[in-house]
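Since the structure comes first, as structure tokens, the remarks are kept for the end.
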Amino acid sequence: MGSYQRIEVKPRTRAIGADVSGIDLSGPPDDETFQELKAALHEHLVLFFHDQQMSPEQHRDLANRLGRTEVHEYFPSLDGFPEISVLEHDAEHPPISDSWHSDVSYRSDPSMASVLYARTLPSRGGDTLWLSAYAAFDALSKPMQAFLTTLHAEHDFLYAYGPLLSRLDDAQERIEKARRDTPPVVHPVVVTHPVTGRRLLYVNPTFTRSIVELSRSESRAVLDLLLDHLRKPDFQVRLQWRENDVAIWDNRATQHYATADYYPEYRRMHRVTVGGDRPLGVN
Ligand code: SIN
């Protein structure tokens with residue numbers, strides 16, 4: 001367990017999640033405090049900060065300190081801030097993130113972190129859950145771990161967003177553009193985290209289409225087994241949001257699921273993702 005001088009870190013479960021206090025994210029935090037924040041992120045994978053007052057500039061700049069900020073292919077941006085995705089849902093725009101995923105795993109270099117800020121919440125519901133993909137890997141038997149380290153999986157933007165795009169008036173154009181801009185990519189099924197060196201299970205039900213080395217039926221069976229295993233509550237933490245909460249997560253070592261139980265109420269979140277490297281397998 002890390003020891004922290006500048007911030008207070010209160011773990012939520014054994015596997016994942018911690019509440020962090022003693023830090024004003026709008027600050028901006030000084031270098032030492034920020035180094036502690038990063039250490040806590042590697043230790044607990046998702047950090048929760050409460051009662052934070054950040055302007056869009058401060059939100060973007062905070063994410064920028066973790067690394068290069070990105071622009072999302074699908075979500076609209078906040079005016080003047082292309083990096084801030086507005087995740088906004090109501091009766092006309094039903095929630096779409098109620099499926100486990102790590103953000104943009106369909107890119108060749110998926111995001112390393114995300115910074116999510118709760119702006120408007122429904123009267124009840126709209127919680128987000130995260131799971132530890134380290135804990136999920138660690139809990140598998142050694143022969144299964146060894147087998148999985150030989151495999152690679154295809155991740156595809158259109159596997160998730162194709163059905164949504166196909167309902168739009170300009171569906172064909174949007175789908176062709178998506179195919180050009182974000183073609184399917186192949187990542188190892190077991191990834192070595194570039195900072196911690198720990199191994200993690202890197203398949204998710206939203207973007208992972210198939211395991212390339214296996215037959216279609218083998219791929220489906222192995223993916224179903226892994227996706228079911230990943231969902232085990234022992235690997236999870238759940239945040240019941242309050243307005244002005246911020247969650248920062250390690251997008252490589254976790255997956256998340258935003259509950260859709262508040263539909264048709266309104267919920268609005270602002271998210272900035274931070275660019276990462278190509279996921280590496282196990283040597
Ligand atoms: C996301 O998938 O990044 C959104 C999570 C949320 O809205 O709680």
Side-chain angles (χ1 to χ4, degrees), residues 68-114 116 128 151-189 191 202-224 226-227 230 251-252 254-260 263-264 266-279:
R68 165 183 46 88
T69 52
E70 306 172 305
V71 177
H72 197 269
E73 296 83 355
Y74 179 80
F75 293 114
S77 300
L78 191 65
D79 269 355
F81 297 91
E83 313 88 344
I84 301 185
S85 295
V86 178
L87 316 184
E88 188 173 38
H89 299 286
D90 58 18
E92 278 75 49
H93 308 91
I96 57 165
S97 300
D98 52 333
S99 164
W100 287 102
H101 61 287
S102 54
D103 289 329
V104 302
S105 75
Y106 54 81
R107 290 190 194 151
S108 55
D109 303 315
S111 312
M112 60 167 265
S114 302
L116 186 65
T128 306
L151 302 177
H152 298 79
E154 186 178 87
H155 297 240
D156 188 357
F157 173 88
L158 284 176
Y159 187 56
Y161 293 117
L164 294 170
L165 294 182
S166 66
R167 282 185 226 132
L168 303 176
D169 293 341
D170 53 352
Q172 186 153 350
E173 206 179 301
R174 294 282 290 268
I175 289 171
E176 279 167 18
K177 180 170 173 7
R179 186 50 80 227
R180 269 196 316 276
D181 295 350
T182 48
V185 295
V186 169
H187 295 310
V189 166
V191 163
Y202 199 68
V203 289
N204 67 75
T206 306
F207 301 121
T208 311
R209 191 185 275 286
S210 63
I211 298 181
V212 296
E213 289 88 349
L214 302 182
S215 71
R216 199 181 163 117
S217 60
E218 289 168 344
S219 163
R220 195 62 265 155
V222 172
L223 274 179
D224 285 347
L226 296 179
L227 300 177
L230 277 156
N251 191 56
R252 301 177 279 215
T254 66
Q255 293 179 28
H256 55 283
Y257 178 110
T259 57
Y263 176 81
Y266 180 68
R267 178 180 187 266
R268 178 185 172 107
M269 314 292 276
H270 287 180
R271 188 186 76 185
V272 184
T273 59
V274 179
D277 305 321
R278 192 162 195 128

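A quick note: this is a predicted structure, and the numbers were derived from the prediction, not measured.
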* To do: Go through the steps to decide whether Asn204 and Ser105 satisfy the test side chain to side chain donor-acceptor pair (under 3.5 Å), and finish with yes or no.
  => CA-CA 9 Å; Asn204 67 75; Ser105 75; 3.0 Å; yes
* Could you walk me through whether Tyr266 and Glu88 pass side chain to side chain contact (heavy atoms under 4.5 Å, CB included), step by step? => CA-CA 7 Å; Tyr266 180 68; Glu88 188 173 38; 2.4 Å; yes
* Answer yes or no: is there a side-chain heavy-atom contact under 4.5 Å between Glu154 and Thr208? => no
* Would you say the side-chain atoms of Thr273 and Ser114 include a donor-acceptor pair closer than 3.5 Å? -> no
* Glu218 side-chain N/O to Ser215 backbone N/O, donor-acceptor pair under 3.5 Å -> yes
* To do: Give, for atom CD of Glu176 and atom CG of Leu158, the distance between the pair rounded to the nearest 0.5 Å.
  => 11.0 Å
* **Close aromatic pair by centroid cut-off 6.0 Å: Tyr159 and Phe207** => no
* Asked: Between Asp90 and Arg268, is a salt bridge (charged side-chain N to carboxylate O under 4.0 Å, His left out) present by the stated rule, with each step listed?
  -> CA-CA 9 Å; Asp90 58 18; Arg268 178 185 172 107; over 6 Å; no
* To do: Report the C-alpha distance between Gln172 and Ile175 in whole Å, list the side-chain angles of each, state the deciding distance to 0.1 Å, and finish with yes or no for side chain to side chain contact (heavy atoms under 4.5 Å, CB included).
  => CA-CA 5 Å; Gln172 186 153 350; Ile175 289 171; 6.0 Å; no
* Within 6.0 Å of CG in Asp181, more than 12 heavy atoms from elsewhere -> yes
* Value rounded to 0.5 Å, distance of OG1 in Thr254 from CG in Leu230 -> 11.0 Å
* To do: Can you label the angle between the Tyr257 ring and the Trp100 ring as parallel, tilted or perpendicular, going by 30° and 60°?
  => tilted
* Look at the aromatic rings of Tyr74 and His72 and report parallel, tilted or perpendicular, splitting at 30° and 60°. => perpendicular
* To do: Using a 4.5 Å cut-off on heavy atoms from C-beta on, say whether the side chain of Val222 contacts that of Leu214.
  => yes
* To do: Kindly indicate whether the side chain of Ile211, heavy atoms from C-beta on, has any atom under 4.5 Å from the side chain of Leu223.
  => yes
* **Atom CG of Asp79 with >12 non-hydrogen neighbours under 6.0 angstrom** => no
* Do Pro110 and Arg278 touch side chain to side chain, with heavy atoms closer than 4.5 Å? -> no
* Under a 4.5 Å cut-off applied to non-hydrogen side-chain atoms, are His101 and Gln255 in contact? -> no
* **Closest contact, heavy atoms only, Gly276 versus Asp109** => O-CB, 3.3 Å
* **Closest heavy-atom pair and its distance - Ala153, Val203** => CB-CG1, 4.0 Å
* To do: Give a yes-or-no answer on whether the side chains of Glu70 and Ser111 include a donor-acceptor pair shorter than 3.5 Å.
  => yes
* **Minimum heavy-atom distance Phe75-Ser85, with the two atoms named** => CB-CB, 3.9 Å
* Asked: Side chains of Leu87 and Leu116: closer than 4.5 Å at any heavy-atom pair?
  -> yes
* For the ring pair Tyr202 and His155, is the centre-to-centre distance below 6.0 Å? -> yes
* Minimum heavy-atom separation for Thr182 to Tyr106, with atom names? -> CG2-CE1, 4.0 Å
* **Check: His152/Glu213 side-chain N/O donor and acceptor closer than 3.5 Å** => yes
* Structure fact -> When every non-hydrogen atom of His187 is compared with those of Ser108, the smallest separation belongs to CE1-O, 3.4 Å
* Structure fact -> Distance col, row Ser77:OG vs Glu83:CD, nearest 0.5 angstrom, shows 8.0 Å
* To do: Given side chain to side chain contact (heavy atoms under 4.5 Å, CB included), test Ile84 with Thr69 step by step and report yes or no.
  => CA-CA 9 Å; Ile84 301 185; Thr69 52; over 6 Å; no
* Asked: Do you know the tightest heavy-atom contact between Ala171 and Leu165?
  -> CB-O, 3.3 Å
* **Minimum side-chain heavy-atom gap Ile96-His89 below 4.5 Å** => yes
* **Close side-chain approach of His256 to Asn251, heavy-atom, < 4.5 Å** => yes
